[in-house]
Amino acid sequence: MPSSFPMPINNQPPRMLRLKDGLKDGLGRAITYLRVSVTEQCNLACVYCKPRTGALERAEPPAMSRNELVQAVQVFTCLGIRKVRLTGGEPLMRRDLETIVAGISPEVEGRVHLTTNGFHLARRARGLRDAGLSGVNVSLDAAERGAFERLTGKDGLSRVLAGIEAARAAGLKTKLNAVVLRGWNEDQILPLARLAQTEGIQVRFIEFMPYQGNGWGKDQFMPASEILDTVREGLGTSLEEEPVVGLEEGPARIFRLPGSEGKVGVISTLSADFCDRCNRVRLTSRGELKACLFGNKPVDLLEPLRNHASHEDLARLIRQALTEKLDCHPMRRGQNPDLANGMWQVGG
């Protein structure tokens, strides 16, 4: 079976007419944001992602070629997707990432963003910008060298900071993401907030979420409200919340830091979820569509792609999957989430 379409990216089949009403799920929520995991592979071993038992069990090379990936994104954008975020694993493990960005960027009028650990970002930031990337979120769970190595398994803080500097110098809209685990890096909340204040950048603190093998437990969970209290008390100041712009800009609540262009945000996936306003779907590097991060069985789009299914046939598969999208994640109902996949497989 061929691994990709026999046509170059710049010679695509006829496009479907873009739907006027956009893409909606079974509850009428508008779906406008697609997260695409381009690989399961990663060069770090973050404690909240990597199985505690050892090596990643399914960190295989990406199944989707760049042509297949771009073709799939075309179908989603014809249905109403307006923003695409490339994730992993670590997306910079793909040598063809710039080509992927260049193929996707025209489909969403340049609204292509990237989530990366930043380790290889310094030497590729400008090339990605030139390919059409508009923004980057860098995972930075600690602002101190020892804590960074403890969390990621690698002494790489200086390289990540250099990547952040390069991204900003290249003109990419740059934000920082920090997953908070009690007992691991709650002591890094203030150093990261001070980094945001000093550098005039935005850092978003993310609640620790349960995934396959990551050892999630209530004793390690720190809610967003406590994270904010830590920032307020540590900085000795109140925080002014910004008005909500829209979920396409992300689900974080954002607060201005006094005397600075810096900002802090919190993403409260568990303690105060945003399921009612969910506007996103995910496509894994294996070509599986996940309508909900913590539920819904994945729908295979890769086999139809390789069998040269029409855009209309692929669109029907996508619409059918979205009619079954959950109204909320299982934890809101007091149920256990679907932990068939690890974070590195679905891109968070």
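Under a hydrophobic-cluster definition in which Ile, Leu, Val, Met, Phe, Trp and Tyr are linked whenever side-chain heavy atoms come within less than 4.5 Å, directly or via other members, M93 and L133 are assigned to different clusters. At a threshold of 4.5 Å between side-chain heavy atoms, the hydrophobic network of Ile, Leu, Val, Met, Phe, Trp and Tyr places I254 and V264 in two separate groups. Hydrophobic clustering (ILVMFWY, side-chain heavy atoms < 4.5 Å, transitive): F208 and W184 are in one cluster. Transitive grouping of hydrophobic side chains (ILVMFWY, heavy atoms separated by less than 4.5 Å) brings L172 and L92 into a common cluster.
Shown here for C278 and K325, the closest heavy-atom pair between the two residues is SG-NZ, 3.4 Å. Nearest approach of V136 to A167, heavy atoms of both residues: CG1-CB, 3.7 Å. For R145 against L157, the heavy-atom pair with the smallest separation is N-CD2, 3.5 Å. Between P298 and K290 the shortest heavy-atom distance is CB-CG, 4.2 Å. Here the closest heavy-atom approach between residue A196 and residue S260 is recorded as O-OG, 4.0 Å. Across all non-hydrogen atoms, the minimal contact from V70 to G103 is CG1-O, 3.7 Å.
Between N43 and E90, the side chains place no donor N or O within less than 3.5 Å of an acceptor N or O (distance only, hydrogens not considered). Counting only N and O atoms by type, the side chains of R85 and T115 include a donor and acceptor under 3.5 Å apart. Between the side chains of T99 and D96, not a single donor N or O lies within less than 3.5 Å of an accepting N or O.
The closest donor-acceptor contact from the side chain of T39 to the backbone of G89 lies at 3.5 Å or more, if one exists at all. A side-chain donor-acceptor contact under 3.5 Å links R94 to the backbone of V38. R253 places no side-chain N or O within donor-acceptor distance of the main-chain N or O of A224, the cut-off being under 3.5 Å. Side chain of E207 to backbone of L270: a donor-acceptor contact under 3.5 angstrom is found. Side-chain atoms of T77 do not come within 3.5 Å of backbone N or O of I81 as any donor-acceptor pair. The main-chain N or O of D313 is found under 3.5 Å from a side-chain atom of S310 such that the two form a donor-acceptor pair.
More than 12 non-hydrogen atoms from other residues, nucleotides or ligands lie less than 6.0 angstrom from CD of E242.
Looking at K154 and E149, no side-chain N of the basic residue comes within less than 4.0 Å of a carboxylate O on the acidic one, giving no salt bridge. Salt bridge absent: R182 and D219 never bring a charged side-chain N and a carboxylate O closer than 4.0 Å. Between R168 and E199 a salt bridge is recorded (basic side-chain N to carboxylate O distance below 4.0 Å).
Under the 4.5 Å side-chain criterion, counting only non-hydrogen atoms from C-beta, R124 is in contact with L97. A heavy-atom distance below 4.5 Å is not found between the side chains of D300 and L317. Within the 4.5 Å cutoff, no side-chain heavy atoms of L283 are placed close to those of E288. Residues V138 and V160 meet the side-chain proximity criterion, which asks for heavy atoms closer than 4.5 Å. At least one side-chain heavy atom of E68 sits under 4.5 Å from a side-chain heavy atom of L302. Under the 4.5 Å side-chain criterion, counting only non-hydrogen atoms from C-beta, I104 is in contact with L86.
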Evaluate the side-chain contact (heavy atoms from CB on, under 4.5 Å) criterion for residues R111 and S105: first the C-alpha distance (whole Å), next the side-chain angles of each, then the deciding distance (0.1 Å), finally the verdict. CA-CA 7 Å; R111 299 196 69 191; S105 182; over 6 Å; no

Test log, rule side-chain hydrogen bond (donor to acceptor under 3.5 Å, both in side chains), inputs N177 and S139: CA-CA 5 Å; N177 289 342; S139 297; 4.9 Å; no

side-chain contact (heavy atoms from CB on, under 4.5 Å) between L176 and F205, intermediate numbers included: CA-CA 9 Å; L176 309 181; F205 296 104; over 6 Å; no

Between L305 and M64, is the side-chain contact (heavy atoms from CB on, under 4.5 Å) condition met? List the steps. CA-CA 10 Å; L305 271 169; M64 297 187 77; 3.9 Å; yes

Test side-chain contact (heavy atoms from CB on, under 4.5 Å) on T87 and V36 and set out the steps. CA-CA 6 Å; T87 67; V36 183; over 6 Å; no

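For the atom pair CG (N137) and OG1 (T174), the distance works out to 8.5 Å, reported to the nearest 0.5 Å. Atom CG of L79 is separated from atom NZ of K24 by 13.0 Å, given to the nearest 0.5 angstrom. Considering CG of N279 and CD1 of I31, their distance stands at 6.5 Å, rounded to 0.5 Å. Separation of atoms CG (L301) and CZ (R286) is listed at 14.5 Å; rounding is to 0.5 Å. Here the NZ atom belonging to K173 is positioned 8.5 Å from the OG atom belonging to S134, to the nearest 0.5 angstrom. Rounded to the nearest 0.5 angstrom, R319 CZ and D25 CG are separated by 13.5 Å.
No cation-pi contact links R280 to Y33, judged by a cut-off of 6.0 Å to the six-membered ring centre and 45° from its axis. Both tests do not hold together for K263 against F255: distance to the six-membered ring centre under 6.0 Å, angle to the ring axis within 45°.
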For residues 230-238, which side-chain N or O atoms pair as donor and acceptor with protein atoms under 3.5 Å away, sequence neighbours left out?
{"residue": "T230", "atom": "OG1", "partner": "E226", "partner atom": "O", "Å": "2.9"}
{"residue": "R232", "atom": "NH1", "partner": "D229", "partner atom": "OD1", "Å": "3.1"}

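Remark: E240 engages R256 in a side chain to side chain contact (heavy atoms under 4.5 Å, CB included) (not counting sequence neighbours).
For the side-chain contact (heavy atoms from CB on, under 4.5 Å) test with F148, the passing option among L161, N185, D141, L140 is L140; the others fail.
Applying the side chain to side chain donor-acceptor pair (under 3.5 Å) rule to pairs touching residues 186-196 yields E144-Q188, sequence neighbours excluded.
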